[in-house]
Colleague: 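Supplied in structure tokens, the structure appears directly below.
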Amino acid sequence: MRAATTPSRIRALLNLKATSISNPNNINNNIVSLQPFSFEDSIHHLKNAADTKNLIFGKTIHAHLITSNQLSQEDDNVVLVNSLINFYSKCGQARVAHNLFDEMPKRNIVSWSSLMMGFLQIGCGFKVFELFRDMGLVDGIRPNEYILSTVLSACCKGMVFEGQQCHCVGLKTGLVFYQYVKNALVRMYSMCSDLGGAMGVLYSVPGSDIVTYNSIISGLLDHGCVNEALDVLNRIVVEYKAWDEVTYLNVFALCARLKDTNMGMQVHSHLVKNSEEFGFYVTSSLIDMYGKCGKISYARRVFDSLDTRNVGSWTTIMAAYLQNDCFEETLSLFLDMELEDVVPNDYTFAVVLNASASLSALGYGTSLHAYTEKSGFKGHVIVGNALINMYSKAGFAGHANKVFTEMINRDIISWNSIISGYCHHGLGKEALSVFNDMLAAEVKPNNITFIGVLSACGHLGRVQEGFYYLQQLMIQIGIKPGLEHYTCIVGLLSKAGLLNEAENFMRTTPVDWDVVAWRTLLNACHVHRNYDLGKQVAKIVLQMYPDDVGTYTLLSNMHAKAKRWDGVADIRKLMRERNIKKEPGLSWTEIRNNTCVFVSDDKSHPELKQIHEKIKDLLNRITLLGYVPDIATVFHDVEAEQKEEYLSYHSEKLAIAYALMKTPPGAPIRVIKNLRMCNDCHSAIKLISKVTNRLIIVRDVNRFHSFQDGSCSCQDYW
DNA sequence: AAGCCCCAAA
């Protein structure tokens, strides 16, 4: 007599509370009257529970098997217990599976492989190896293709030695000829960064299916080998292999990496032609592809065309806007998502936090901070990292540090974020101290870490220490210095006033210097008033980068500072000829959660008159402390009395004056601006911080300036 | 009978 397995019966079982299942007494009360399942039904249900990761349902079946005494029949229950082990393994309950396994009077190879899966699932690779060894020792079982592919999957990063041994086992036993084993081998070599090994397996073992190709493309992409990935894609096309979902994911990722919209659109058409419906993964990677190719409107069109959207779809479109510098849109999409009752996850929070970081929208950022904690994402690394970034960019180094120290789990990005955050605030000592903590915690720094470390040395003027990191520690750790690191050294020498050394370093280091490096040197010539070297450098830079606006601004300032008006005029002329336009100066500040934006020489602000009066008042007060308008930075073809006026309407002065009007005495003022600060504003704001007794923090395009009591954290070098 | 490979959003 078999039990009815009608849907209503299943529903009744599912309605059992978890407690009633874990407590045998309750189980008796609830389902003791049910008829036992047939053997086939039990197997079937357990497989279902495993596939859908439905822990409650599977436990119910388990309980039912216990109460109906089916597990005590010794002969036949190996398969049944194997199914249970498989179910618990798939649900991430390897310990439970292990208990069942230990109590088995008789096991077979499936028992071993199912349990190994369980430990693989929860990331205990070592346990998989242990079982692999014991399997032969205890039960005298030789591996089959299932065992071998599972063990190969357990060879994660850096276990290439173990992986190679498994490869040998596969060769000796002939198991490599199984598709699953071949694919697992390809995957293993990719994970171990041995792409030669992966390609070797791909071409030396006959028979590749779409999964083989998917694995190899994904491995190649992980290591930035786009051309090789294109070759493999070509093979798929030549061999008329049918694509699956994963192929589309990989190929869209490839298009994104190449920023090849054309190819992306072709693959998009391929997708539409070849599949009726596609899952969230595919649609998200399609949106992601268009976003990364800079085609935000295409990404939006795909997103809008979706019938159903999950949190991943929302997060992807928000990330696409973020990557394309559309921060407000990112935040407004977050609100739309909330309205549709889609629950954000850790990635979503990371995206919106980074958007508010880019806007320095502190009000928004702190609300989001509270929201993440309420949603239970406090311990999530990516959220913590985004919070560090948000607080750093909003000018709150202390808050960023608090988030960092309270993080339960940290990854390399957490360390790098706090180090570079400190650097942007000019807090070199703090940055280096975190770096030492990092070394003490035996976290391996990467190339990004050293960008922070070297620039911290720059802030502190520690030339020798910087060279030690570049020439010794980095080599010792195995990191090849790149352009950014060498540029930090240029900055380091420049800041220390060693301009000739910096120039010499650039001439003798075999690096393709970019405009950033050259501007670093040029800026040093400007600050240290080395007009002659500056002119030489300018010649080189203008030849190499005739369209770089920043260089022109810097040059005209440099000429002005040296009172070389002919130079200024030349630059102006060049700019006109080459149609180079200065970006308008823009500053913004948050007042009671409202973002107020100011354009230089703003004529449209409703409270313009009051703001101008406030500025006049401030300028009068700081003039008593010795402020002299630095009219040298204004182009000399402007009438003399207009020059001062030009200066007083710089956007950051407007923003600061407005903030002083609107905030209570003593409240810190935070301003963000899109360009580099000019000399005049810098010296004016220093004195304003003194006469108003306020902390004024200005984030310009390069760094933070923290003005307090008449001085600035950049120590007048920026 | 039961078990294995490829999978996004920062």
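Please read these numbers as outputs of a predicted model, since none were measured by experiment. Lettering follows sequence order; numbering is per chain, from 1.
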Colleague: What is the distance from CG of A/N77 to C1' of B/dA1, rounded to the nearest Å?
Modeller: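 A/N77 atom CG is separated from B/dA1 atom C1' by 14 Å.
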Colleague: Check the distance between B/dA8's C1' and A/L286's CG and give it to me in whole angstrom.
Modeller: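 Distance, rounded to whole Å: 12 Å.
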Colleague: How would you list all residue pairs meeting ring pair (Phe, Tyr, Trp, His ring centres under 6.0 Å) that involve residues 228-256 of chain A, not counting sequence neighbours?
Modeller: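 For residues 228-256 of chain A, and leaving out neighbouring residues, the ring pair (Phe, Tyr, Trp, His ring centres under 6.0 Å) pairs sorted by first residue read A/W243-A/Y248, A/W243-A/H270, A/Y248-A/H270.
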Colleague: At under 4.0 Å between heavy atoms, what does A/A386 touch on the DNA or RNA strands: base, sugar-phosphate, or nothing?
Modeller: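 A/A386: no heavy atom of the nucleic acid under 4.0 Å.
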Colleague: To the nearest Å, give me how far apart CZ (A/F303) and C1' (B/dA9) are.
Modeller: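 Going from A/F303 (CZ) to B/dA9 (C1'), I get 12 Å.
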Colleague: With the threshold set at 4.0 Å, does a side-chain nitrogen-carboxylate oxygen contact exist between A/D304 and A/R300?
Modeller: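 Salt bridge present between A/D304 and A/R300.
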Colleague: How far apart are the C-alpha atoms of A/N401 and A/Y422, what are their side-chain angles, what is the distance that settles it, and do they pass the side chain to side chain donor-acceptor pair (under 3.5 Å) test?
Modeller: CA-CA 9 Å; A/N401 182 52; A/Y422 275 136; 3.3 Å; yes
Colleague: Can you name the residues that form a side chain to side chain donor-acceptor pair (under 3.5 Å) with A/R187, not counting sequence neighbours?
Modeller: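 Here no residue qualifies.
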Colleague: Counting side-chain heavy atoms from C-beta on, which of B/dA9, B/dA10, B/dA8 comes nearest to A/N345?
Modeller: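 Given the options B/dA9, B/dA10, B/dA8, the side chain of A/N345 is closest to B/dA9.
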Colleague: Students often get this wrong, so: under 4.0 angstrom with heavy atoms, is A/I85 touching a base, only sugar-phosphate, or nothing?
Modeller: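 Since no nucleic acid heavy atom lies under 4.0 Å of A/I85, the category is nothing.
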Colleague: Evaluate the side-chain proximity of A/L175 to A/E145: yes if any heavy-atom separation is below 4.5 Å, no if none is.
Modeller: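 Result yes, sub-4.5 Å side-chain heavy-atom pair found.
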Colleague: If you look at every heavy atom in A/C293 and A/C255, which pair is closest and at what distance?
Modeller: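 Looks like SG-O, 3.9 Å.
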Colleague: Nucleotide by nucleotide, 5' to 3', does protein get under 4.0 Å of the base (B), only the sugar-phosphate (S), or neither (-) in nucleotides 2-7 of chain B, counting heavy atoms?
Modeller: BBBBBB
Colleague: Roughly how many Å is it from CD1 in A/I287 to P in B/dA10, rounded to a whole number?
Modeller: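 Distance, rounded to whole Å: 12 Å.
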Colleague: Just how far, in rounded Å, is C1' of B/dA9 from CG of A/D288?
Modeller: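 Value for this atom pair: 7 Å.
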Colleague: Rounded to the Å, how far apart are A/L353 CG and B/dA10 C1'?
Modeller: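 Atom CG in A/L353 sits about 10 Å away from atom C1' in B/dA10.
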